[in-house]
Amino acid sequence: MNGLLPSKRCPIRMGRARANDPAILARQNRTTMRKPIGGIFKRPTDGRHRLGPMQRTDGTMRRFSEAGAVDFLVVGVGAAGGVLIQRLARAGFKVVGMEAGPFWDSERDWVSDEAGSRKLYWEDLRIIDGANPLSLGANNSGKGVGGGSVHWAGFAPRFHPSDFRVYSEDGVGADWPFTYGDLKPYYELLELEMPVAGPAWFPWGDPHGYPFGPHPMGGVGNALIRGCTKLGIEVSIGGPVAILSGSRGDRPHCIYRGYCLQGCKVGAKASTLITHVPDALKNGAEIRDRSMVGRIELGKDRRVQGVLYYDREGREHFQKAKAVILAGYAIETPRLLMNSACSGFENGLANSSGTLGRYLMAQAGNVILGRFREPVRMYKAPPAHAMTEEFYETDRRRDFARGFAIQTVAPLPISFAKHMMGAKRVWGWGMRRVMMDYNHWAAFGLLGEILPWDDNRVTISQEKDQFGLPVARVTFNLHENDKKLIEFGKDKVVEIMFAAGAEEVVQEPRYAHLVGGARMGRDPSSSVVDCFGRTHDVANLFVCDGSVLPTQGSANPGLTIQALAARTADYLISQAEQIFNSDRRTLAAPPIRRYLSPPGTHGRGVPRPGAIPRSLSR
Ligand SMILES: Cc1cc2nc3c(=O)[nH]c(=O)nc-3n(C[C@H](O)[C@H](O)[C@H](O)COP(=O)(O)OP(=O)(O)OC[C@H]3O[C@@H](n4cnc5c(N)ncnc54)[C@H](O)[C@@H]3O)c2cc1C
Ligand code: SF4
């Protein structure tokens, strides 16, 4: 009986009148806000950045002087930049990361709300053109520490071995200057560092298991399983996705309410802000946020001296560095190199090949939406949690090269309304009817490999940004192979949606995941950087982000970009003295430094089978 009596310590048990009393509510709110779970918020101040409760580090951030040269200066602290800085700092180098956006405090700055999360994206002016212009803004790059890894969905499949040999195997695109086997150890490391949850057996590409268990299925995942199973298509459930399926260290597990693209305030989804940046700061890295790098300066010896950047008040500064690594994303990296044109590099820094900005790629990202009689409630799960790569490779029976993946996407209401506006042309009352029906819809995404073409490119325009820097112009055209692939892939997803039991199916064409623009290759006359990201033209200038990818496969690129960053870091550490002091180049593979992983990640996870024959998986 006592247990049902109102208690002073338990407001939930109070009578109705008291519980609704505004004065009591206000007092309760004040108390709650002053003492958030995990600690009291502290406003970060210059030079003393403290991360919020989720990302807490003990101690303050180191500050380097602009006058003295740091060892490595990294432009952009996103998916790649975060991993790179963490490893270089842990190896004992003086490292500064320049980030154009803010240093997020996930507890204070983020909200579980679509409209309130637009600040996570790079929405500065960019010009688009071409026959099939890309929509930019919220559809691609991030801005702020963590970059795109803050608003990514967390899907983390590896590229297939065939992706590294596209030209040799299929006669289209390009080969990478190294093999899948060279990147595989870094895939394994990053899958532990994020970590990636997924099935014990992932049958495609290089078959493998995931270190953390799969997620339970949401309504949209169930629909994909139903559709694929009916058609005899193999499907992966519960991942691979960089979201915690169980709590780990100070990070709680996923609570399945679908705000992954809004940053994940919970901290269950991996972003470098949470997984790598705290360790970088602990090991002495400085992250200079709201610092927009506008130009890379060369000395008379044609070596980089440092970068010119603008602080949060728009004041100009110069930071000296012994080596500079660009990690600003597929558009901003080529833009910065072009804006750094100088005598000897009139067409853009490191552009002696004329390929800078070219071979930009986006994946076909058509969204296919199906209405079901029963409620689906697609928001009640991470959007990314089930997929198939059954159509990934070139199939000689089809009339196009390469292939596609199919994944759950599950847009929240604002994105859903936009898809419906495009797909059904609804507006006004029609839109209201559709929105009232939101819970009955499921959405699958096509992820199709568009090939690298030299006319798909970043150039710089006449328009200027707030710092007076010319902005990027992004030109995009679909070619014959791309169109055939999209048509076939889209029809296949529609077929799966109907097989799952949808009564009505509509689709909206879209693109996803920009990469390319500073491609890597062996030949300096047809690529910008070598196999470790060093520009062919300038010995102490590197690129380490999605812009170096020669082809893009139809896997989401984030895991590959971070694995490449860990590999580049190992190379920089091995070759540091040579990079700082001479123009000599060594392309010997560095040792894999597993001990540089953030503590508590390497060696963790549940052992999973790595080599079950494909026949047994069926
Ligand atoms: C909605 C959405 C969902 C996605 N979901 C997935 C997914 O599920 N799986 C997946 O693999 N990928 C996903 N991606 C793609 C993924 O986020 C990107 O491929 C990845 O973040 C790119 O990494 P990056 O290091 O090249 O660039 P970014 O992560 O974008 O980092 C670049 C950073 O550099 C900074 N910067 C740029 N220029 C300058 C400058 N001049 N000075 C200073 N700083 C600068 C930027 O502010 C930014 O923080 C998604 C993308 C979007 C938009
Ligand atoms: S669904 Fe999971 S990963 Fe996504 S925002 Fe919610 S808690 Fe984070």
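Just so it is clear, the values below take in all heavy atoms, side chains as well, and ignore hydrogens, waters and symmetry mates. All ligand and atom numbering here is 1-based and tracks the order in the structure. Because the structure is a prediction, the values reported are computed rather than measured.
- Among the atoms of C264, an N, O or S atom is found under 2.8 Å from atom 8 (Fe) of ligand 2.
- Contact annotation: S291 has at least one heavy atom less than 4.0 Å from an atom of ligand 1.
- Within the listing of ligand 2, atoms 1 (S), 6 (Fe) sit less than 4.0 angstrom from a heavy atom of G258.
- Separation of the Y309 and F318 ring centroids does not fall under the 6.0 Å cut-off.
- Inclusion of G146 in the set of residues having an N or O under 3.5 Å from an N or O of ligand 1 is not warranted.
- Close contacts of ligand 1 with G546, meaning ligand atoms under 4.0 Å from a residue heavy atom, involve 26 (O).
- By the criterion of a heavy-atom distance under 4.0 Å, neither the backbone nor the side chain of Y121 is placed next to ligand 1.
- The pair E508-R510 does not count as a salt bridge, with every side-chain nitrogen at least 4.0 angstrom from each carboxylate oxygen.
- When non-hydrogen atoms are compared, ligand 1 lies under 4.0 Å from neither the backbone nor the side chain of A512.
- Taking only nitrogen or oxygen atoms, main chain and side chain alike, G558 reaches within less than 3.5 Å of ligand 1.
- Ligand-side atoms of ligand 2 in range of I255: 2 (Fe), 7 (S), range being under 4.0 angstrom from any heavy atom.
- The contact set between ligand 1 and E332, taken as ligand atoms under 4.0 Å from a residue heavy atom, comprises 37 (C), 38 (N).
- By the criterion of a heavy-atom distance under 4.0 Å, neither the backbone nor the side chain of A330 is placed next to ligand 1.
- Using a 4.0 Å cut-off to heavy atoms of V266, the atoms of ligand 2 that qualify are 7 (S).
- By the 30° and 60° cut-offs, the orientation of the rings of Y210 relative to F202 is perpendicular.
- Using a 4.0 Å cut-off to heavy atoms of W122, the atoms of ligand 1 that qualify are 36 (N), 37 (C), 38 (N), 46 (C), 47 (O).
- Within ligand 1, the atoms closer than 4.0 Å to a non-hydrogen atom of A80 are 25 (O), numbered from 1 in the order shown.
- In plain terms, the two heavy atoms of G516 and L360 that are nearest each other are O-CD1, 3.8 Å.
- Atoms of ligand 2 found under 4.0 Å from any heavy atom of I243, numbered from 1 in the order shown, are 3 (S).
- Within ligand 1, counting atoms from 1 as listed, the ones closer than 4.0 Å to a heavy atom of S149 are 21 (O).
- Heavy-atom contacts of C260 reach the following atoms of ligand 2: 1 (S), 3 (S), 4 (Fe), 5 (S) (cutoff under 4.0 Å).
- For ligand 1, the polar-atom distance check finds an N/O of A79 within less than 3.5 Å of one of the ligand's N/O atoms.
- Which of P383, G82, G445, G148 comes nearest to atom 30 (O) of ligand 1 through a heavy atom is settled by distance: it is G148.
- Classified by interplanar angle (parallel below 30°, tilted 30° to 60°, perpendicular above 60°), the ring pair W176/F159 is perpendicular.
- When each atom of ligand 1 is checked for a heavy atom of G144 under 4.0 Å away, the hits are 47 (O), 49 (O).
- With 3.5 Å as the limit, one finds no donor-acceptor pair spanning the side chains of S461 and R335.
- With a heavy-atom cut-off of 4.0 Å, M98 touches ligand 1 through its backbone alone.
- Near R257, meaning under 4.0 Å from one of its heavy atoms, ligand 2 places the atoms 1 (S), 6 (Fe).
- Here the protein heavy atom with the shortest distance to atom 2 (Fe) of ligand 2 is C254 SG, 2.3 Å.
- Side chain of N339 to backbone of P470: a donor-acceptor contact under 3.5 angstrom is found.
- The residues R290 and D311 are annotated as not salt-bridged, no charged nitrogen and carboxylate oxygen being separated by less than 4.0 angstrom.
- Polar contact with ligand 1: present for V293 (N/O pair, distance under 3.5 Å).
- A cation-pi contact, defined as under 6.0 Å to the ring centre and within 45° of the axis, links R519 to Y359.
- Annotation: cation-pi pair K143/W122 present, NZ/CZ under 6.0 Å from the ring centroid and within 45° of its normal.
- Heavy atoms of L514 found under 4.0 angstrom from ligand 1: none, in either backbone or side chain.
- Ring geometry, Y180 versus F164: the interplanar angle exceeds 60°, so the pair is classed perpendicular (tilted spans 30 to 60°).
- Taking every non-hydrogen atom of A327 and a distance limit under 4.0 Å, the qualifying atoms of ligand 1 come out as 32 (C), 33 (C), 34 (O).
- Side-chain contact check for Y186 and D570: at least one donor-acceptor pair (N or O, by modelled atom type) lies under 3.5 Å.
- Looking at R288 and E66, a side-chain N of the basic residue comes within less than 4.0 Å of a carboxylate O on the acidic one, giving a salt bridge.
- Relative to atom 49 (O) of ligand 1, the option among K143, K269, E99, H513 with the closest non-hydrogen atom is E99.
- Y392 and D163 share a side-chain donor-acceptor pair at under 3.5 Å.
- Here is the list of ligand 1 atoms found below 4.0 Å of a heavy atom in G154: 7 (C), 8 (O).
- Side chains of Q507 and H419: a donor-acceptor N/O pair is absent below 3.5 angstrom, by distance only.
- In this structure, G142 is part of the shell of residues with a heavy atom less than 4.0 angstrom from ligand 1.
- Neither the backbone nor the side chain of V515 has any atom closer than 4.0 Å to an atom of ligand 1 (non-hydrogen atoms only).
- When all heavy atoms of M387 and F155 are compared, the closest pair comes out as SD-CE2, 3.9 Å.
- Here I561 has side-chain heavy atoms under 4.0 Å from ligand 1, and that is the only part of it that gets that close.
- Ring-plane geometry between Y310 and F467 is classed as parallel, the angle between the planes falling under 30 degrees on a 0 to 90 degree scale with a further cut at 60.
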Evaluate side chain to side chain donor-acceptor pair (under 3.5 Å) for T333 paired with D545, printing each intermediate quantity in order. CA-CA 8 Å; T333 287; D545 59 23; 2.6 Å; yes

